[in-house]
Each structure stands twice: as C-alpha cells, then as structure tokens.
Amino acid sequence: MSLYYRWKNFEEDEDRPEKPRRFGVTEMRGPNHTLLTQNVLQDIFESMGQFVDGLKFSGGSHSLMPKSFLKQVIDMAHQHNVYVSTGDWAEHLIRKGPSAFKDYVEECKQMGFDTIELNVTSLEVPEDTLLRYVRLIKGGGLKAKPQFAVKFNKSDIPIGGDRAFGAYVPPPPRSTELVEDVDLLIRRAERCLEAGADMIMIDADDLCKHADSVRADVIAKVIGRLGLEKTMFDASNARASEWFVRQYGPKVNLFVDHSQVMDLECLRGCNLGKNHNSVLGSSYFLF
C-alpha cells in the first residue's frame, strides 16, 4: 500500500487502488469563476496529487485561455497522472454546423484532453445525435462523459419534439417538489454506456439544493441501475459530498471544487473532514 494511505483508517476491503482508479475517483474543478494559476495547480498536485484523479475545465473556461497556457496546464496534470476533461462547451460549437463537433473532438485530442463531457440538458439534441457524439468521441481516441441532471421544475420539460426525459412522479413525504421520472433518464444513460461512454455524470447539486430533502431514492436508483463504478456525482456542495461518502463509502466517484480535495480525502479515509452532522441530521436531508 502507498505511504500516502498509512495515516488513514480504510477497511481492507474498502481501500482504493493506486491511480488510475476505476472507482473512488476524485475529479477536481479547474478554473471557472475564479482564476486558478499554474502555481496553485502545481501546489495541489505536489501536495495532494495522489488523491486527484481528474481535472475539469468547467463552464468552457479553457476556451478563454491561450493554447500555450492550456497545454502547459494539461502537461502538468499528466505529469501527476491526472486526466483532463472539458466541461460545458460542446453545445456552443454544434451551432456552427454538422462538422463542428468532429473538429472539436480533434482539437481536444491535439491539445491533450483525455475526456470530453457532454451536458445532455444544454445540448438539446435527439438521442440518436447524442449517441453519435459519444461514438465520435470514442472514435477519436478520447473518453466520453455525458452529464445528466434531474429536473425539478415542471416548466423545464419540453412540450414537443425530443422528450428526453418524462413525466413527473408524485413528491415523497416531507417534500413539496415535483421530480421527473428518473427511469427515463437512466434508460438514456444506459444507451450512452452501450454506445461506449466511459462514465455518466449526474448533477447532484440539484438533488441536494432544490428539493426539501436529498432525494436518496433517486440516487439509489441511479447507482443501482448504472453501477457505482460507471457513475460520478457532481457534488461541489461540501455537504453533499459528505453525504455521498457516508452513504456509499470511499468508492463513490465525486466531482468537487479544488478547495474540497483535502476534506474529501479525509472523509474517504477516516471521517476527519468538516463536521456537517447538524446539517445531515436536519429535515433538509432525507435518508
């Protein structure tokens, strides 16, 4: 076992392997709303790089950077065995024409990206087109990571055209929110996996913010159908990431802000992270 783990208290059958990992993955948010310099990244990689599996440029932030700077950041990540993923950006390129997405995949490959994320909600494309994008990414030698979000507002469901998801189900006890039928979301995610997608990203912030309680039933159904190894949860809310580790153990795949990497790793090991018990025990969270 690596020296990095000797201070921790993993159960033997729950410990995570060395990188590259297939479970217990920690993907870190790169520069988005704030400027994250190479020095900051270098400090994170040198001190906590053993626990960082991936770096994601959220919100199309990579499109604002000079290619020379972006290449340096990607090379730095690779030196620490950290994969690099795009964030929301593909939806802005497909408006340029049918060949734009293929060009985007090729450019990402040339820059050194390892993974392309597809925000299914923002793309607003038919399922056949989504699956074609997944195959184009895989054909280009990159990994594909479609991102799905559970809708909570009835107005979000399209009236006609591509009904990507579906009807709403009755709210659970102690909740006033309407939530879409997650079975239809899961079926689409399953088709993406069949087309070659490597990981399914689920926007867990909505599941933890917009409902009166954490929709533990929705999360359990997603994991039960897709599997823990093939599912990653966008849990940039610190309380949400703690909830996932407490519920599903250190093997759960999570996307967090760079400021939460150390806290998350403590939670994965022996629960040395910040104490959110007061929040976890409130009516906001429903187990």
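This one's a predicted model, so the numbers in the text were calculated from it and none came from an experiment. Nothing fancy with the numbering, it's 1 onward along the sequence.
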- May I ask you to say whether R132 pairs ionically with D128, meaning some side-chain N is under 4.0 Å from a carboxylate O?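 Result for this pair is no, no salt bridge flagged.
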Give the minimum heavy-atom separation between [X] and [Y], together with the two atoms involved.
X	Y	value
I200	A189	CD1-O, 3.8 Å
M111	I74	O-CD1, 3.3 Å
N81	P20	ND2-N, 3.9 Å

Spacing of [X] atom [atom1] and [Y] atom [atom2] [to the nearest 0.5 Å]:
X	Y	atom1	atom2	value
E117	M199	CD	CE	11.0 Å
M201	F255	CE	CZ	6.0 Å
C192	R187	SG	CZ	14.5 Å
S85	K143	OG	NZ	10.5 Å
I137	T86	CD1	OG1	7.5 Å
L267	E265	CG	CD	9.5 Å

- Let me see the working for F101 and V125 under side chain to side chain contact (heavy atoms under 4.5 Å, CB included), right down to the final yes or no. CA-CA 13 Å; F101 188 81; V125 296; over 6 Å; no
Looking at side-chain heavy atoms only, is the closest gap between [X] and [Y] below 4.5 Å?
X	Y	result
T129	L123	no
D183	R225	yes
Q260	M28	no
H78	D114	yes
T231	Y248	no
V52	H80	no
L130	R188	yes
H258	M48	no

- More than 12 heavy atoms from other groups under 6.0 Å of CD on E107: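 No, the 6.0 Å shell around CD holds no more than 12 heavy atoms from other groups.
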- Item | K19 atom NZ, over 12 foreign heavy atoms within 6.0 Å |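 More than 12 within 6.0 Å, yes.
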- Message: Could you walk me through whether L264 and F51 satisfy the side chain to side chain contact (heavy atoms under 4.5 Å, CB included) test, starting with their C-alpha distance in whole Å, then the side-chain angles of each, then the deciding distance to 0.1 Å, before giving a yes or no?
- Response: CA-CA 9 Å; L264 173 58; F51 311 121; over 6 Å; no
- Message: As a quick check of understanding, evaluate side chain to side chain contact (heavy atoms under 4.5 Å, CB included) for L185 and V120, giving each step before the final call.
- Response: CA-CA 10 Å; L185 179 153; V120 177; over 6 Å; no
Verify, without hydrogens or angle tests, whether [X] (side chain) and [Y] (backbone) share a donor-acceptor contact under 3.5 angstrom.
X	Y	answer
K109	G140	yes
R21	T26	no
N253	G24	yes

- Linking I/L/V/M/F/W/Y whenever their side-chain heavy atoms sit closer than 4.5 Å, directly or via other members, would L131 and Y133 fall into one cluster?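 No, separate clusters.
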- Using the ring of each side chain (for Trp, its six-membered ring), is F113 parallel, tilted or perpendicular to F57, with breaks at 30° and 60°?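 Ring orientation, 0 to 90° scale: perpendicular.
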- Item | side-chain contact (heavy atoms from CB on, under 4.5 Å) partner of L193, chosen from V134, L226, D198 |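 Answer to the side-chain contact (heavy atoms from CB on, under 4.5 Å) test with L193 among V134, L226, D198: L226.
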- Item | F148 and V222: CA distance, side-chain angles, deciding distance, side chain to side chain contact (heavy atoms under 4.5 Å, CB included) verdict | CA-CA 11 Å; F148 292 85; V222 169; over 6 Å; no
